[in-house]
2 protein chains.
Amino acid sequence: MNGAATREHIVEAADRLFYQRGYEHTSFADIAAAVGLSRGNFYYHFKSKDAILDAVIATRLAGTRHMLRQWENEHPTPSGRILRFVEIVLTNGPDIQQYGCPVGTLNTELAKLGHTMRGQARELFTLFRDWLREQFTELGHADQADELAMHVLAFSQGVAVLSHAFADEEFVRREVSRMRDWLSTYEK
Amino acid sequence: MNGAATREHIVEAADRLFYQRGYEHTSFADIAAAVGLSRGNFYYHFKSKDAILDAVIATRLAGTRHMLRQWENEHPTPSGRILRFVEIVLTNGPDIQQYGCPVGTLNTELAKLGHTMRGQARELFTLFRDWLREQFTELGHADQADELAMHVLAFSQGVAVLSHAFADEEFVRREVSRMRDWLSTYEK
DNA sequence: GTCTATAATGTGATAGAC
DNA sequence: GTCTATCACATTATAGAC
């Protein structure tokens, strides 16, 4: 098999498993089995578990940047873009209910482990934070744009944690509805 | 040493370590070292890691029930009691910043591990949920008491996750202030 | 690039002496 | 109740054949 393609398969499998089972709880053997490789061959592509995590986070960062640009194309207004973010807890509802928020759970886990890559995981949060701040600035709230961005981020994390714990879809809908009302008070 | 006292010491140490490092990342050796016991002697008191987790959750449940009764004694009005809950993210600010919410992070971790004790961990959330629902009912909002309780719980989890990730105390203060304003619209 | 074999370590857990 | 010694197993990681 092509080396680059194999590497890509490994990162994809690791990304999914880290999300579904957690980083620490996922072993090399799990990833190797998911890709269909022997454990030995694994080290030809990645020389440590941290190296895989590094690649996974880099992939997620790139994917998030791409998604945010897409949201910008699909929604011309800043309030429409913020609403698109808020609705991610509905769009990804089933995944969040089963596995939590991929950004929040990774950050929480790496922080507890005292992992060196904690800062890079936080960058995933920062991407959303900065993007939301830009939208609130464009909406005419430059003075409190970061505060509002953090508030929307906190909403998403609170909903994700409880959706994961209680598996209650109606709760998610109600919270999104609540957020829509709140957002409308900040529209131009 | 007295057997019951040793057992209590083990549960205390395990409780703290599970919170600070996570359940999976804490080994028998870690707990034994914290208590000052040999690994071998450990199994006289608890015959499996799950048994320790069981005891830790039971202790936390009892502690939470005790705390909620105390809050009821200290705050005569339902709005005062809800506010007391909201302010927990300030009271326990430093711990939450370093280790996250003990309830939220345990629930998230056990859910990802597919651990059998997941349901008992969720009970910790349910204690707060039911208690908050009672307060909102007493406040005259019986029809949407559970929805409001979940909203307040989501607030606490969102703030905890982001406080843990960004270590931003000012953010916590602002969110509490925002919550106080929101609460005031539901007061009698 | 892929494999098997294996090292080195840490883990949960047990046996048996004191 | 506490200890040492040890087992069985999974883990990350390496060496070397193909």
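Quick note on labels: first sequence line is chain A, next is B, and so on, each numbered from 1.
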ask   = For H25(A), what residues pass the side-chain hydrogen bond (donor to acceptor under 3.5 Å, both in side chains) criterion, not counting sequence neighbours?
value = E24(B)
message = If I take atom NE2 in residue H9(B) and atom P in nucleotide dG1(D), what distance separates them, rounded to the nearest angstrom?
response = 14 Å
task = For each nucleotide in nucleotides 11-18 of chain D, reading 5' to 3', give B when a protein heavy atom comes within less than 4.0 Å of its base, S when such contact involves only the sugar-phosphate, and - otherwise.
result = SSBB----
inquiry  = For E87(B), give me all partners under side-chain hydrogen bond (donor to acceptor under 3.5 Å, both in side chains), at least two apart in sequence or on another chain.
reply    = R180(B)
key: Pi-cation contact, Y23(A) with K112(B) (under 6.0 Å, within 45°)   = no
request  = Write out all pairs satisfying side-chain hydrogen bond (donor to acceptor under 3.5 Å, both in side chains) with one or both partners inside residues 140-155 of chain A, taking only residues at least two apart or from two chains.
outcome  = R129(A)-D146(A), E147(A)-R178(B), H151(A)-E175(B)
Between dG1(D) (C1') and F42(B) (CZ): distance, integer Å = 14 Å
inquiry  = Below the 4.0 Å mark, does dT2(C) have OP1 or OP2 next to a side-chain nitrogen or oxygen of Y44(A)?
reply    = no
query = Taking only residues two or more places apart in sequence, or in another chain, which ones meet A121(A) in a side chain to side chain contact (heavy atoms under 4.5 Å, CB included)?
reply = I57(A), L106(A), N107(A), L110(A)
message = Below the 4.0 Å mark, does dT2(C) have OP1 or OP2 next to a side-chain nitrogen or oxygen of T6(A)?
response = yes
Under the side-chain hydrogen bond (donor to acceptor under 3.5 Å, both in side chains) test, residues paired with E169(B) that sit two or more places apart = R173(B)
